[in-house]
Amino acid sequence: MVKKKRLRLIAEMARKIRAYRELKSRPRESQKYALDYETMKRPFTGKMLPVLAWQDVRRESRLFSLVAGMRLFGVGRLFTRKSWLEDHSEPSYWQITKVKVDYTSENMDHGKAWGILTYKGKKESEVKEVDKVMYHDWRLIPKDMEQQFKDFEPLPEPPVRYVAYPPLLRAMLLAQQKKVGSSRTAEEPILPLKRDVLLNKDYFHTQEQERQRKEGTAV
């Protein structure tokens, strides 16, 4: 007979209380990402920002610095980043769908946001949390330019014509290439997905004759 597990109500309640206290003692977004603009250090961790980021910190804005003064905290608007504008010719932006503001911050300029990401013109289907909201390179896309960003159509990706060989077969082919021609560098073998030849008996017979001609007749 299986012994019935004893339910320890007091221990379970103590576990929930500990978990609740740990949750309440976690630092808020305003504490974790607060920044001293004179020393360029975060008071919570004591770490200094990279020197290359100082210029953007003084000139650019964080995401919540922009949405804090907007209607509905910018829900429905498009936001992009300076690094995306400089690195990519295709439009990359977030469309904000939900915002959770840290109301304990002084100017309500900290929190979490969710939205739909469009990266290099390719729009994702699922809503997910916006990352790197504390970076100082966020920019609001003006209303008159939003449609221009949305109307972009990415070029279709070219079809995949070749794939890599499985690891074991690849190692065997490279070893064979090295054995046949050790003077030249072994080329990376690739497997074509489409064959333009007709696989009949004559084809395999020709292949066998070609292989024997290269390797020579066994003595």
[X] vs [Y] side-chain heavy atoms within contact, under 4.5 Å:
| X | Y | result |
| --- | --- | --- |
| I141 | F79 | no |
| V133 | W94 | no |
| H110 | M134 | no |
| E124 | T118 | no |
| V99 | W114 | no |
| L173 | Q176 | yes |
| K98 | V127 | no |
| R15 | R18 | yes |

Is a side-chain donor or acceptor of [X] paired with a backbone partner of [Y] at a separation under 3.5 angstrom?
| X | Y | answer |
| --- | --- | --- |
| S92 | K120 | yes |
| R42 | K32 | no |
| S61 | L66 | no |
| W138 | K132 | yes |
| D36 | E38 | yes |

With clusters built from Ile, Leu, Val, Met, Phe, Trp and Tyr whose side-chain heavy atoms come within less than 4.5 Å, directly or transitively, what are the remaining members of the cluster of V57, listed by chain and number?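 Members other than V57 - counting any ILVMFWY side chain reachable under 4.5 Å - are L35, Y37, M40, M48, L49, V51, W54.
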Which heavy atom of [X] sits nearest to which heavy atom of [Y], and what is that distance?
| X | Y | answer |
| --- | --- | --- |
| P43 | A34 | CD-O, 3.2 Å |
| S105 | D102 | OG-O, 2.7 Å |
| K41 | G46 | CD-O, 4.1 Å |
| I96 | A113 | CD1-CB, 4.5 Å |
| F152 | G121 | CD2-CA, 3.8 Å |

Separation between [atom1] of [X] and [atom2] of [Y], rounded to the nearest 0.5 Å:
| X | Y | atom1 | atom2 | value |
| --- | --- | --- | --- | --- |
| L9 | E12 | CG | CD | 8.5 Å |
| Y165 | R170 | OH | CZ | 12.0 Å |
| K143 | M145 | NZ | CE | 14.0 Å |
| K123 | L117 | NZ | CG | 11.0 Å |
| H88 | L85 | NE2 | CG | 9.5 Å |

All pairs passing side-chain hydrogen bond (donor to acceptor under 3.5 Å, both in side chains) where residues 72-85 contributes a residue, at least two apart: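 Qualifying pairs, neighbours excluded: D56-K82, R77-E146, R81-D137, S83-D137.
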Verify same cluster id: [X], [Y] (apolar side-chain graph, 4.5 Å):
| X | Y | result |
| --- | --- | --- |
| Y33 | Y103 | yes |
| L140 | V130 | yes |
| F73 | Y93 | no |

Over 12 non-hydrogen atoms of neighbours within 6.0 angstrom of CE in M70: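 Counting neighbours around CE of M70, more than 12 heavy atoms of other residues, nucleotides or ligands fall under 6.0 Å, so yes.
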